[in-house]
Amino acid sequence: MAFTLPPLPYAHDALEPHIDTLTMQIHHGKHHQAYVDNLNKAIAGTEHESKTLAQLVAHAGAISIPVRNNGGGHWNHTFFWESLGSPASGGTGVVPTGKLADAITAAFGSFDEFKTKFAAGGAGRFGSGWVWLIVNEGKLAISSTPNQDNPLMDVAEEKGTPLLGVDVWEHAYYLKYQNKRPDYLAAIWNVINWSKVAERFEAA
Ligand code: MN
């Protein structure tokens, strides 16, 4: 069964001014669509055609480079869109509460320290990749992956269940922030959907 591009869970301009409309249109409509199309091409007519995206991602390194890159790309972007929200839907001014807030404080000292370490993880990723908040056996950690890898993959250096992932490829921010990746990573806090992150933490 072929994979399809999921619709954005909000309008293209919903994350303005922090993430601009044109970036969202190109990022979702062109980049994410290309990962979906190339994943479908990579598995067409193979034994992997009937597998779920989760199965493909879990064994991505063992399957093939195209499945690793494009299966990862499809999974990561779907996860990313769901991790974000407009200020009205829970972005600006909203911070984690409850068990998630307690776990963040326990792991990183405070919410502000968590944000600093997460941004450093994203800024420190050389080239293209992702920065993640993951949970492994109840413990939170920040990790980063190259290209379209993620912490669920067999090839991940640090494995865990992703709770939050932020795309640090230039295509995610270049139109508005140019070479200033740290500015993008500072602005992203305005549009994180913390209720979604908390829901993932409860389920993990
Ligand atoms: Mn991207």
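Indexing begins at 1, ligand by ligand and atom by atom, following the structure's order.
- Counting heavy atoms from C-beta on, the side chains of F80 and W130 come closer than 4.5 Å.
- Within D167, the N/O/S atom positioned nearest the Mn ion (ligand 1) carries the name OD2.
- Under the 4.5 Å side-chain heavy-atom criterion for grouping Ile, Leu, Val, Met, Phe, Trp and Tyr, V95 is connected to L164 within one hydrophobic cluster.
- Distances from the Mn ion (ligand 1) show that H77 has an N/O/S atom below 2.8 Å.
- Among the atoms of H27, an N, O or S atom falls under 2.8 Å from the Mn ion (ligand 1).
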(request) Mind running side-chain contact (heavy atoms from CB on, under 4.5 Å) on H74 and F79 for me, showing each step along the way? (result) CA-CA 9 Å; H74 181 27; F79 186 84; over 6 Å; no
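- Checked against F118 for a ring-ring contact (aromatic ring centres under 6.0 Å, His included), the options W132, F111, W189 give a single hit: W189.
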